[in-house]
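All remarks here apply to the structure that follows.
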Number of protein chains: 2
Amino acid sequence: MRKKITKKIILDISVEIIAEEGYDALTLSRLAKSLGIRTPSLYNHISNLNQLRQEIAIKAFSHLHETLTDAVIGRSGEAALKEIFHSYVSFMRSHPGLYAAITRVPDPADEHIKEIADNSIDVIFRILEPYQLNKKDEVHMVRGLRAMAHGFVFIDMQGGFNMDVDIKQSMNESIETFLIGLKEVSLNNKN
Amino acid sequence: MRKKITKKIILDISVEIIAEEGYDALTLSRLAKSLGIRTPSLYNHISNLNQLRQEIAIKAFSHLHETLTDAVIGRSGEAALKEIFHSYVSFMRSHPGLYAAITRVPDPADEHIKEIADNSIDVIFRILEPYQLNKKDEVHMVRGLRAMAHGFVFIDMQGGFNMDVDIKQSMNESIETFLIGLKEVSLNNKN
DNA sequence: TCACAAAACTAACACCATTAGTTATAATAC
DNA sequence: GTATTATAACTAATGGTGTTAGTTTTGTGA
């Protein structure tokens, strides 16, 4: 008895194909071949390719989320933030297929996607707690940091950084710079 | 005599199709239809679809570059930086097709792409001149700001921002925060 | 007017996602 | 154990994609 094809197996193999051959290499025929079935048979398990891509993105997001939460264990404040940035970049570098899965998710407005994205952001919120910002400023600052993290990843993945200067150091100094300013905002806040 | 089909016309119509129907709507048959010729005839003018996409990305980049340089006219320092960020976001919002053209450029390592991307960064370098940072710090800080700008656009385009809090204000406050820190770095630099 | 190069054409190939309709398989009820 | 039934495989077909080869038309310059 050959082993049963489950949704989990389909997702796992899809991610595998993407990892090894790139995001666009994942076609239904390629996937079916790996599963040992004919292409149309896939429709007994998935609704269509876009839906599959959506689920792959969710898987990628949760994988990323896990990596980022792991990064802050035993760390706080600036050190935690730096580690998040570094983990983020290195995760995407070692999983360029998942990077594509996330940046090219068919429906970014999907509730599952939004939920897991929010969860990831919570990590940053917790790091900023000690600064005791007011609610609105807290949102602004989390957004700024989140944007910066995304941006570093984006530019790094597009090869937009000149190799002469270490990107890790750029991230560290950018974070330090931002946090110096943040302390100022925090002080003004208490008056 | 019907008008001659030039590379410029092909690019213009391609951008038009992308603008009105989205990035994936640009197919060779769609393009050929707009030009009033059959699909294979396109190969008398372009080498293939990916190459065309590459050239569209370059066009999009230069369009963006122009918008950003316009944004700083008559402004400097913080005001200029804020205007760049705002222009960046609003440009992408009003040209989602060009956003896709840029973020999904087939070959980001292309020399033309790198060159025009570097040109855009020069704007930020000029803004930071008054801070008199040393060469390395200047690179770090430009990278941080560039990443933040990219990140805000990226998250905005993916609909990742909760609408309750104004993104414009988040950008302003993030920039202010970063620049406060930057001033500190600048002072330490002079010793 | 002739020659030639540019740019159009048709026909074909190999892929793609997807649907409809059918058959085989495995589990369930009797 | 046999009949029933749902699951999951199959084949065949449709209409789309990019691309290549080979051919014909068109316009220009000699």
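Quick caveat: nothing in here was measured; it's all calculated off a predicted structure. Keep in mind that the numbers below use all heavy atoms, side chains included, and drop hydrogens, waters and symmetry copies. Per chain, numbering begins at 1; letters A, B, ... match sequence-line order.
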Problem - Atom pair distance, as rounded to whole Å: CG in B/L35 and C1' in C/dC9 - result: 15 Å
Problem - D/dT7 OP1/OP2 closer than 4.0 Å to side-chain N/O of A/H45 - result: no
Handout entry: Distance, rounded to the nearest Å, where B/I37 contributes CD1 and C/dA6 contributes C1'
Key = 13 Å
Problem - Sidechain N-carboxylate O distance under 4.0 Å for B/E78, B/K82 - result: yes
Problem - Nearest-Å distance for atom pair CG/C1', residues B/N50 and D/dT19 - result: 12 Å
Practice task
For the pair B/K7 and B/E55, find out whether any cationic side-chain nitrogen is under 4.0 Å from an anionic carboxylate oxygen.
Solution key: yes
Practice task
Would you check if there is a donor-acceptor pair between the side chains of A/H86 and A/N172 at a distance under 3.5 Å?
Solution key: yes
Problem - Nearest-angstrom distance from the residue atom NZ of B/K33 to P of D/dT17 - result: 10 Å
Handout entry: Among D/dT19, D/dT17, C/dC16, the one nearest B/Y43 by side-chain distance
Key = D/dT19
Practice task
With sequence neighbours excluded, give me every side chain to side chain donor-acceptor pair (under 3.5 Å) pair touching residues 154-163 of chain B.
Solution key: B/R93-B/D156
Practice task
Starting at atom CZ of B/R38, determine the distance to atom P of D/dT20, rounded to an integer number of angstrom.
Solution key: 20 Å
Practice task
Work out which heavy atom in A/Y23 is nearest to a heavy atom in A/A100; give both atom names and the distance.
Solution key: CB-CB, 3.6 Å
Practice task
Kindly point out which of C/dT18, D/dT17, D/dT19 is positioned nearest to the side chain of B/T27?
Solution key: D/dT17
Practice task
Indicate whether OP1 or OP2 belonging to D/dA8 is found under 4.0 Å from a side-chain N or O atom of A/S41.
Solution key: no
Problem - Whole angstrom value for the distance that separates P of D/dA8 from CG of A/L42 - result: 13 Å
Problem - Out of D/dT17, C/dA17, D/dT19, whichever nucleotide has its closest atom nearest the side chain of A/L28 - result: C/dA17
Exercise for the section: Check every strand shown and say whether A/S29 touches a base, only sugar-phosphate, or nothing at a heavy-atom separation below 4.0 Å. Expected result: sugar-phosphate
Problem - B/N44 (side chain) and C/dA8 (base): donor-acceptor pair under 3.5 Å - result: yes
Completion exercise
B/L52 atom CG is separated from D/dG18 atom P, nearest whole Å, by 10 Å
Problem - B/L49 CG - D/dT17 C1' separation (whole Å) - result: 10 Å
